[in-house]
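Indexing begins at 1, ligand by ligand and atom by atom, following the structure's order.
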Amino acid sequence: MTFLTSEQIAFFHENGFLHLPNFWTGDQVSELRDHMQDLLTTADLTQVHSIFTTDDQTRKLNDDYFLNSGYTIRYFWEEKAWAKDGQLLVSDRRLAINKVGHALHDLDPLFQSVSYDGKVGSIVHELGLEHPLLAQSMYIFKQPHIGGSVNPHQDGTFLYTEPQSCIGLWWALDDCSLENGCLWAVPGSHRLGVHRHYRRRDPPLDGTEFVPSEQEQWDLTNAVPLETPKGSLVVLHGALVHYSADNLSDKPRHAYAIHIVEGKEGVVYPKNNWLQRPPEHPFNEIVNRV
Ligand code: FE2
């Protein structure tokens, strides 16, 4: 007995992604959205560090804010919400947030319950992970009018393991269409493997780097839009090339995403991966199954 059908498992291995509509009910989606609004309202957003300065000292502050977010609930600005002179361009700071990360799944009881759900455990187990470790979570807003595009990438670049093992789970919390910046994916591109590593630089250098530094030139000719109704789950192979466009519409495009890596012996999560957790709070395994 498996949660996924053999056809769905075969589709994932063939294409590198899988779309499961109606994974969450409308009520579940509303509960998560409302809860995030409560978090935003409670948070002191005046303490959120800006992302757009070129000033060296502030850049270091920004780097630290990001690099130390592995076991926190932190808020990151949407670049286009701010003018160059630091003026807020939207009516409400809550509409200026790009994402929240990276440990909602461990620090917030509601996001924890959906992230460690038995259906999630079954899916990643059936797709090949023996000891699935939940590495990170993000609530993504892609705000109306200003939600920025995400360049083509492989998630395994950012959640790098040797060998590659990352699987992403991405839930649509709005109806996602071409209009509001849905996901795009290149079917079969996961077979290229992950060759680029986003990592911390060796001390005494600070900050991060891509190795190799050259941007891959992806062939996007066969890319397909993944138009996903609210409540859908999209499962993404860590080597799948995917991206999304700007949201120029007046509709939000909220999503919740988690990334899972293999925890079995022999799979290495490098110490210079950008995402690190304090030793007393290692990644937790998803042990639940349906
Ligand atoms: Fe991604």
Side chain [X], main chain [Y], donor-acceptor under 3.5 Å:
X	Y	answer
Asn247	Lys251	yes
His237	Ala239	yes
Ser165	Glu262	yes

*Have a look at Tyr71 and tell me which of His281, Gln136, Glu280, Arg277 forms a side chain to side chain donor-acceptor pair (under 3.5 Å) with it.*
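Testing Tyr71 for a side chain to side chain donor-acceptor pair (under 3.5 Å) against His281, Gln136, Glu280, Arg277 leaves exactly one candidate, His281.
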*asked:* Which residues end up grouped with Val150 if you chain together Ile, Leu, Val, Met, Phe, Trp and Tyr wherever their side-chain heavy atoms are less than 4.5 Å apart?
replied: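 In the cluster with Val150 there is nothing else; it is isolated.
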*Please work out whether the ring planes of Phe66 and Trp274 are parallel, tilted or perpendicular, with thresholds of 30° and 60°.*
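Taking Trp274 first and then Phe66, their aromatic rings lie parallel (interplane angle under 30°).
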*With a cut-off of 2.8 Å, which protein N/O/S atoms are close to the Fe ion (ligand 1), if we only count those under it?*
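Listed by chain and number, the nearby protein N, O or S atoms are His153 NE2, Asp155 OD1, His242 NE2.
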